[in-house]
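Here is how names work: the chains are called A, B, and so on, in the same order as the sequence lines, proteins then strands, and each is numbered from 1. Values below: all heavy atoms of this structure, side chains included; hydrogens, waters and symmetry mates excluded.
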Amino acid sequence: MRNAARGGLNLRATLECGQVFHWRERSDRSWEGLVGSEYAVVRETDGHLDVQHGRRERVARYFALDHDLAEIYAGFPQDETMQAALDYGRGLRIIRQPAWECLATFITSSMKQVVHIRQMSLALRSRFGAPVAGTDLRSYPEPGALAAASEEELRACRLGYRAKHLRATAESVASGRANLAAWAAFDDEALREALCGLPGVGRKVANCVMLFGYERLAAFPVDTWIGRILQRNYWRGRARATPLALERRLAGRFGPHAGYAQQYLFHHARATQGRGRS
DNA sequence: ACCCAGGGGCAAG
DNA sequence: CTTGCCCATGGG
């Protein structure tokens, strides 16, 4: 079953740009992963999505094929830095990721490279997740499963100091004190404030969860990569600014879908300025 | 040996 | 409201 994507699709960029961490490519160039707790196999053909396994509508929604990329791109700034990132990542989509999976994953992301986040995520799935029919992939652990785990067990998944934060937030969500589903009704500021109240969640992680888990496309996470890009290309000659200052002063330049712009800049920088410059 | 990675929390200025 | 330091772990 083939699904039209408004403005094209770059499946590899979408799945490897650092917004989601468990998908894997198969030898036939298709990709397999879990949409919530459902096994899915997908493939990109001519800029469209081929759903080879899984419920078509559900998978299409997960990959946000309804996002109108042409309209989103039209809001990007017309400068060289942004256009180079756009040319490189064209077709990359911000997907609709389950809020808890996204929140938990980004709590473990602090001071870690994408490859490590993936390893921790897979270890958590393997140790605490539930089996899924049709695959050896396991669903992301429920909040209760992580809340019931000991800190030592979480550290065994190589989480380090992040184990304490993940466990505490899992408890908060499992108890219902933090109702992630209800928070979807909050406006951006209220949602950010609610998220920042959770252990291990500061402004950067909150912005990632808003962008990837709540479809708040204006959310603009500033990490070390984006900080460098903004400082060098959009804040030249001025005093070194903190991530928060950069976000407040510059996010507006990237339009109503600033989060999309941010992800293209991140993906481009990571690929071209590559991790190992020896 | 040293540096950095999709940071956050906390105490101190 | 900002800055400095620590928090583990892996890789270059």
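- A/E247 and A/N207 share a side-chain donor-acceptor pair at under 3.5 Å.
- Note on A/C17: a base of the nucleic acid sits closer than 4.0 angstrom, heavy atoms only.
- One can place CZ of A/F266 at 13 Å from C1' of B/dG7, the figure rounded to the nearest angstrom.
- For A/Q119 and A/M111, each mapped to the nucleotide of DNA chain C holding its nearest heavy atom, the one lying further toward the 5' end belongs to A/M111.
- Each of A/R93, A/R96, A/R6 was evaluated against A/D66; a single residue qualifies, A/R96, per the salt bridge (charged side-chain N to carboxylate O under 4.0 Å, His left out) test.
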Below 3.5 Å is the cut-off: list the nitrogen or oxygen pairs between protein and nucleotides 9-13 of chain B, distance only.
{"unit_1": "B/dG9", "atom_1": "OP1", "unit_2": "A/G200", "atom_2": "N", "d": "3.1"}

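- Residue A/Q263 places a side-chain atom within donor-acceptor reach of the base of B/dG6, judged by atom type and a 3.5 Å distance cut-off alone.
- The aromatic rings of A/F76 and A/Y73 lie tilted to each other, with the angle between the two planes from 30° to 60°.
- Taking the nucleotide of DNA chain C with the nearest heavy atom to each of A/R155 and A/R240, the more 5' of the two is matched to A/R240.
- Using P as the reference atom, C/dT3 and B/dG6 are 23 Å apart when rounded to the nearest Å.
- Figure legend. C/dG12 is base-paired to B/dC2; pairs are counted as Watson-Crick or G-U wobble with both atom distances under 3.5 Å.
- Less than 4.0 Å separates DNA chain B from at least one heavy atom of each of the following residues of residues 203-210 of chain A: A/R203, A/K204, A/V205.
- In this entry the distance linking NE2 of A/H268 with C1' of B/dG6 reads 17 Å, nearest Å.
- Side-chain atoms of A/Y260 and A/H67 include a donor-acceptor pair closer than 3.5 Å.
- Judged as a side chain to side chain contact (heavy atoms under 4.5 Å, CB included), and not counting sequence neighbours, the contacts of A/P77 are A/D79, A/M82, A/F254.
- Comparing C/dA8, B/dA5, C/dG10 against the side chain of A/H116 picks out C/dG10 as the nearest.
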